[in-house]
Participant: 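My questions will all concern the structure given below.
One-based numbering, in listed order, for ligands and for the atoms of each. Note: hydrogens, waters and symmetry copies are ignored here, and every other heavy atom, side chains too, is used.
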Amino acid sequence: MFDIIGDIHGCYDEFVSLTHQLGYEWNNETPIHPENRKLVFLGDLTDRGPQSLNVIEVVTKLVENQNAYYCPGNHCNKLYRYMIGRNVQQKHGLETTVEELSQLSSARREDIIDKFTTLYEESPLYLTLDNGSLIVAHAGLPEKYIGQSGKKVKTFVLYGDVTGETHANGMPVRRDWAATYKASPLIVYGHTPVEEPRWINRTVNIDTGCVFGGKLTALQYPELTTFSVPSSLPLVKEKFRAFP
Ligand SMILES: [Mn+2]
């Protein structure tokens, strides 16, 4: 039994509230469920929000202790590349995580970098759970990529079905892959903020834009019940995508 958490983006307080709502008890700075449910993180733990490093600390500890599963998002990929010394642009939210890191002593900074790079390097590109009945992938997974890996799959999982074009507001144009999904595994994903969890075919987008003033959502599996905590941040309405 899993509780899958949408894109946190440094919204640590909302994450803590959500775990309480889901019945988790905090012991030794990690949320543990009395009935052994496991948390599942679908990526984009950090950037833009106020407490990215606290989120990294909790998630790395949970995964290390085998109390949670994690797969990366595009922001995780970029933060990882920053941490291993690649020349990445500090924008689109990465600058907030870099700023948090700069406030630390070098020993604490090295510790966080070690934890996050280990988490990232050991994570699968997407999670296949419940004997293949449940797939968790940051920006989703079309039927043709189920069980597949490689460069194309990685780009899709991290960035979605992008066309390479951008909208007038600067957001990348993304095709609606979920609308034509026909396979039976349930695909749980995030990446594109929506006002309410969006169910279509056997897919659900649970990125309800917490960092843009929406809410942080969890999906319980196999119950398929969603729980949400409202964001403490101001609403940035143009960041949410409406589907017909
Ligand atoms: Mn994302």
Participant: With sequence neighbours excluded, what pairs up with Thr217 under the side chain to side chain donor-acceptor pair (under 3.5 Å) test?
Facilitator: Thr208, Ser228
Participant: Other than Leu233, what residues sit in its cluster of Ile, Leu, Val, Met, Phe, Trp and Tyr side chains whose heavy atoms are under 4.5 Å apart, directly or through others?
Facilitator: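 Answer for Leu233: Val211, Phe212, Leu235, Val236, Phe240.
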Participant: Under a plain distance cut-off of 3.5 Å, with no hydrogens placed, do His92 and Asp47 share a side-chain donor-acceptor pair?
Facilitator: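 No pair is found: no donor N or O on one side chain lies under 3.5 Å from an acceptor on the other.
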Participant: Are Leu53 and Leu104 side-chain neighbours, meaning at least one heavy-atom pair lies under 4.5 Å?
Facilitator: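 In short, these two side chains touch, coming nearer than 4.5 Å.
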Participant: Mind checking what makes salt bridge (Lys or Arg N to Asp or Glu O under 4.0 Å) contact with Arg202, not counting sequence neighbours?
Facilitator: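 If we apply the salt bridge (Lys or Arg N to Asp or Glu O under 4.0 Å) test to Arg202, skipping adjacent residues, there are no hits.
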Participant: Hey, which protein N/O/S atoms does the Mn ion (ligand 1) have under 2.8 Å?
Facilitator: Asp44 OD2, Asn74 OD1, His138 NE2, His191 ND1
Participant: Answer with yes or no whether the hydrophobic clustering places Leu45 together with Trp26; edges join I, L, V, M, F, W, Y residues whose side-chain heavy atoms lie under 4.5 Å apart.
Facilitator: yes
